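On a predicted model such as this, the values are computed, not experimentally measured, just so you know.
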Amino acid sequence: MADGEEPMAVDGGCGDSGDWEGRWNHVKKFLERSGPFTHPDFEPGTQPLDFLLNTCKVLVIGAGGLGCELLKNLALTGFRQIHVIDMDTIDVSNLNRQFLFRPKDVGRPKADVAAEFLNSRIPSCAVVPHYKKIQDLDETFYRQFHIIVCGLDSILARRWINGMLVNFPMCTIASMPRLPEHCIEYVRILQWPKEQPFGGAPLDGDDPEHIQWIYERSLERASEFNIKGLSYRLTQGVVKRIIPAVASTNAVIAAICATEVFKIATSAYIPLNNYLVFNDVDGLYTYTFEAERKENCLACSQLPQNIEFSSSAKLQEVLDYLTNNESLQMKSPAITATVYGRNKTLYLQSVTSIEERTRPNLSKSLKELGLVDGQELAVADVTTPQSLLFKLHFTT
């Protein structure tokens, strides 16, 4: 709506000049009458639709195959204040399923093009793009939204945003694998850098020997958890990030996600609690169940995690533990502690000058550094937006 233009109250007073009579009748059928599946506390009326159209702010993270479908579904459902974050630009290979993009858009930011397309095609829609990493935005930015929907395929990004929003990490790959892909990712992310096969060479997805090594170790892990369906071809696809993304699959998953957003925004229906399985091999089948909380989960417990080392152990050993432990998978942890009454940086890798100054600490024992039994260590890392606390216990 242009500046100074008077809003046109059509469709029950919930719209503006971009609306027309009957535009939201399909949504009203869910919100202005009760039914056998409505939430027991839901009161039918005009307020839920008014909130959805005029107040609710939604953030979509990712504008790829899933993100394009999500943005389209949310905008057509009535969500108008939508923001989208994506750090990628459009590639030719995206065009077969990411339908908001055209050949002329190749090379441009996905977020920008997606916002332009939706704003031009859907009246009253106001999509705001953010062409940047999710880590570039702070807590104040994320707090402005009522609902945040993730369409991410990066494990590191998903883990970071989980930590920012609910402090609940992705434990699946390390602790609760359910799919053959989880087993492959476990070997790729953890076992390869730990065992350093082929003389410590970097993993090459085009090298048959490398893929065979990943495949064999993945089979072992899959057998341990009784997971079927792991193949050499699948292993190569996961390692090389060859995702057989089918447009129809993206559409189904996005529809499920958009439905959950609608239920949460309007309180009209009971949302999922909290896991859904979609199987499109032999037809449409869904099953939901409540995932059990891991009692000693690093983030969920909210308490310092106990770690055990000898007082003669080197700080390097603690650093190795933080980066190699399958439930932590840290990238470049910074370790600080209160020593002799003052906060002391024991090691910090991300700042060159501090790294050079604290590097000698890596070869010192924990006792030499002034650490004591029961000492709390604060560890910051790019994989989580908050520092994590560890309680150090000395072994005899």
Could you pull out all residues at least two apart from Phe51 that satisfy ring-ring contact (aromatic ring centres under 6.0 Å, His included)?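 Once residues adjacent in sequence are excluded, the partners of Phe51 under the ring-ring contact (aromatic ring centres under 6.0 Å, His included) criterion are His146.
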Is there a donor in the side chain of Asn306 and an acceptor in the side chain of His393, or the other way round, less than 3.5 Å apart?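 Indeed, the side chains of Asn306 and His393 share at least one donor-acceptor pair under 3.5 Å.
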Side chains of Asp50 and Asn54: any donor to acceptor distance under 3.5 Å?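 Their side chains do contain a donor-acceptor pair, which is all the 3.5 Å distance test asks for.
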About how many Å separate [atom2] of [Y] and [atom1] of [X], when rounded to the nearest 0.5 Å?
X	Y	atom1	atom2	answer
Ile211	Asp204	CD1	CG	8.0 Å
Ser124	Arg80	OG	CZ	4.0 Å
Leu234	Tyr215	CG	OH	10.0 Å
Lys263	Thr38	NZ	OG1	12.0 Å
Ile184	Ser231	CD1	OG	7.0 Å
Gln98	Asp105	CD	CG	11.5 Å

Cluster question for you: counting only ILVMFWY and a side-chain heavy-atom cut-off of under 4.5 Å, with indirect links fine, are Ile335 and Phe309 together?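 Ile335 clusters together with Phe309.
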Starting from Tyr232, can I reach Leu230 by hopping between I/L/V/M/F/W/Y residues whose side chains sit under 4.5 Å apart?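 Looking at the clustering, Tyr232 is in the same group as Leu230.
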Glu209: which residues meet the side-chain contact (heavy atoms from CB on, under 4.5 Å) condition with it, sequence neighbours left out?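 With sequence neighbours excluded, Glu209 shows a side-chain contact (heavy atoms from CB on, under 4.5 Å) to Phe198, Asp207, given in chain and number order.
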Taking Glu69 for the side chain and Leu66 for the main chain, is one N or O donor matched with an acceptor at less than 3.5 Å?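 It does not hold such a pair.
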Measure across Ala268 and Leu31 and return the closest heavy-atom pair with its distance rounded to 0.1 Å.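 For Ala268 versus Leu31, the nearest heavy atoms are CB-CD2, 3.9 Å.
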Does Phe117 have more than 12 heavy atoms from other residues, nucleotides or ligands lying within 6.0 Å of its CZ?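 Counting other residues, nucleotides and ligands, CZ of Phe117 exceeds 12 neighbours.
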Tell me if the CZ atom of Arg108 is crowded by more than 12 foreign heavy atoms within 6.0 Å.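 Yes.
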